[in-house]
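Read the structure below first, then the notes.
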Amino acid sequence: MAEMNDIYEKVMDVARRRGFVWPSSEIYGSVAGFIDYGPLGAMMKRNIENLWRSFYIVQEGYYEIECPIIGPETIFVASGHVKEFADIMIQCPQCGEYLRADHLAAEHGIEGAGALPAEAFREVLYELPCSACGERLGDTDVVSFNLMFETTIGPGSQRRGYLRPETAQGIFTDFPRLLRFYRDKLPFGVVQIGKSYRNEISPRQGMIRLREFSQAEAEIFVHPDEKRHPAFHRYADYKAPLLTIPQQLENKPPLTTTMRAAVDAGLIANEYVAYFIALTHRLLVEIGVDPARLRFRQHLTDERAHYAEDCWDAEVYSGRFGWVEVVGIADRTDYDLQAHARHSGTSMTVFIPYDEVKRVKRRRIVPDMGMLGPKFRGRAKAIAEALVASDPGKEGVTVVVDGEEIFIPADLYQVREEEVEVRGEEVVPHVIEPSYGIDRMLYVVLEHAYAEEMVGDEVRTVLRLPPAVAPVQVAVFPLMNRDGLDVIAQQIAGTLAQHGIIAQYDDSGAIGRRYRRQDEIGTPFAVTVDYDTKEDGTVTIRDRDSMEQVRVSIDALPATVCSLISGTTTFRKLRA
RNA sequence: GCAUCGAUGGUCUAGUGGUAUGACUUUGGCCUUCCAAGCCAAUAGCCCGGGUUCAAUUCCCGGUCGAUGCACCA
């Protein structure tokens, strides 16, 4: 059995025992990379997602959509996932070891081999030694192991489909409808929370690398020339620790600076990216990430996707896993919309009207088809098209059709000078994408919340979860399980439930044991009914972190608990 | 995916070719006027499949999961 030697073991022990996270399909043998959220885990996950919603939907005004998890092959051909989201692997014929073929080639100084056609690639590999057994590889089959789960849609037809590797593609494919929904104006944002799937080769790290995971993604569509955020002032003075590219190269610690300063100094590409770095910092701290163990690391140029203009990861320090990426914030430019426009033939542009209608003089060439047709017959159409794009001189113009130079005299076309009104232009928006890994967020919050402290000579295990994410918000106990105290306590629990508070009644065992049980699952407050309650109608509220108590009247209890949970008041203020 | 090691109630564990020890937890009862107290009782376990054997939790093979190393990680 694993020793309880590190924080991960301790956190996961509590998580398993108390019903946060379990191995999935355990009774039939669990499968790596899949987990079940138990009663408390599901509650906490929902709390995190709802806090996320309060940032993105309530504050930012972005709307949420829900797309299918399974998509037809064409979506992922267009997005590049079919081609790019794969590892190129070979199996050594001698020892049977699976190897990353492109990495093997790179080890021997052959860069970019992964881009070669399969046949050429095999020839490159032919002479190379296997990195496992050292034998010459010889004939191998180059197979590409795609990280997407494949499936078929419908019976018989065997139409190929994939489980989405990110929720983003659904938002991109809905872009024309979303644009209409937002009444054809930029900028606008759309969010989606849901499951995504990646068939990881080796999902070792518990909750950190899952094959099925939850994402919360936002796609903000902006004008490519307008990357100033209209509400940037909200976060302009917000400070966050930034590990920029130069700092990584020079091995320096993060630089804590305001978003305004970071954008002005060119450390962050634009206000949008900076805005979401700051927003993410606030959000992560609010769900319970320790700000001292949070930083934003800029992707190195060779690390970020070729199309991305700038990309930052929110990284949280884990005692077990080191710095863990929990959020990615990228300026994806127009890559995705261009790709879907190209593959689907659907326009992915926004019409941006000019402030004033521009009158533009332009020269239009009108081929005289009555003359061209009889003269050039089959080639007439191609010649006409070439004419339209040409810049004719006085006598005529020479156009090139199918490699042949043809002189067209001026009487075979007209040149018209005309003035047209241009009311605006079609623009493919750029996309700013903050993408959150909910499962990783939940794990790091558990890890940062986990604490052991000595109380007398006993160890107290406590999850210092923020009230907003704690799965149980308040516990209600009768001090004694008699004299009607239990009845009063049950009534109180019912009243709190009516106010939308997740309250747990518990009358089992000594009062101290009940407090400890709630400490371990992070319940921030406990209400205890004692003999004074019968005298004066007051109960105690006990604070999880300080273990101190304060008396309040039963009448004031729901409002008091509500404001404690929402953070409009604190326990400390209540005691004062 | 490869190599090494491991897997016993919910948790931590003792132990064994003849189905298993203790503690904690949980549940019920007694007791108890605020932080895992005490007493009584109960529930509950040898990862899965195959082989060897009269008999396998134990030995062998395969698998699953976990740890570690390698490889991998938009």
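Note that this is a predicted model, so its numbers are computed, not measured. Chain letters run A, B, ... following the sequence lines, proteins first and then strands; every chain starts at 1.
In this model, the phosphate group of B:U33 is approached by a side-chain N or O of A:Arg482 to a distance below 4.0 Å at OP1 or OP2. Residue A:Arg513 has a polar side-chain atom (N or O) positioned under 4.0 Å from OP1 or OP2 of B:U26. For B:U26, the OP1/OP2 oxygens have no side-chain nitrogen or oxygen of A:Ser508 closer than 4.0 Å.
Counting non-hydrogen atoms under 4.0 angstrom, A:Gln549 reaches a base of the nucleic acid. Counting non-hydrogen atoms under 4.0 angstrom, A:Val459 reaches a base of the nucleic acid.
In this structure, the CZ atom of A:Arg304 is 19 Å from the P atom of B:C73, given to the nearest Å.
Between the base of B:C34 and the side chain of A:Arg542 there is no donor-acceptor pair shorter than 3.5 Å.
Of the listed nucleotides (B:C65, B:G28, B:C73), B:C73 has the atom at the smallest distance from the side chain of A:Arg209. When distances run from any side-chain atom of A:Ala510 to the nucleotides B:A37, B:C35, B:G66, the shortest one goes to B:A37. Of the candidates B:U11, B:U33, B:C35, the closest approach to any side-chain atom of A:Arg516 belongs to B:C35. Side-chain atoms of A:Arg320 lie closest to B:A67 of the nucleotides B:A67, B:C34, B:U33. For A:Met480, the listed nucleotide lying nearest its side chain is B:U33; candidates were B:C34, B:A36, B:U33. Ranking B:C34, B:A36, B:G10 by closeness to the A:Glu520 side chain, first place goes to B:A36.
The nucleotide B:A56 finds no pairing partner, because no Watson-Crick or G-U wobble arrangement with both distances shorter than 3.5 Å includes it. Searching all strands for a Watson-Crick or G-U wobble partner of B:G38 with both distances below 3.5 Å returns B:C30. In this structure B:A71 sits in no base pair that meets the Watson-Crick or G-U test at under 3.5 Å.
A:Glu447 has no carboxylate O lying under 4.0 Å from a charged side-chain N of A:Arg320, or vice versa, which leaves the two without a salt bridge.
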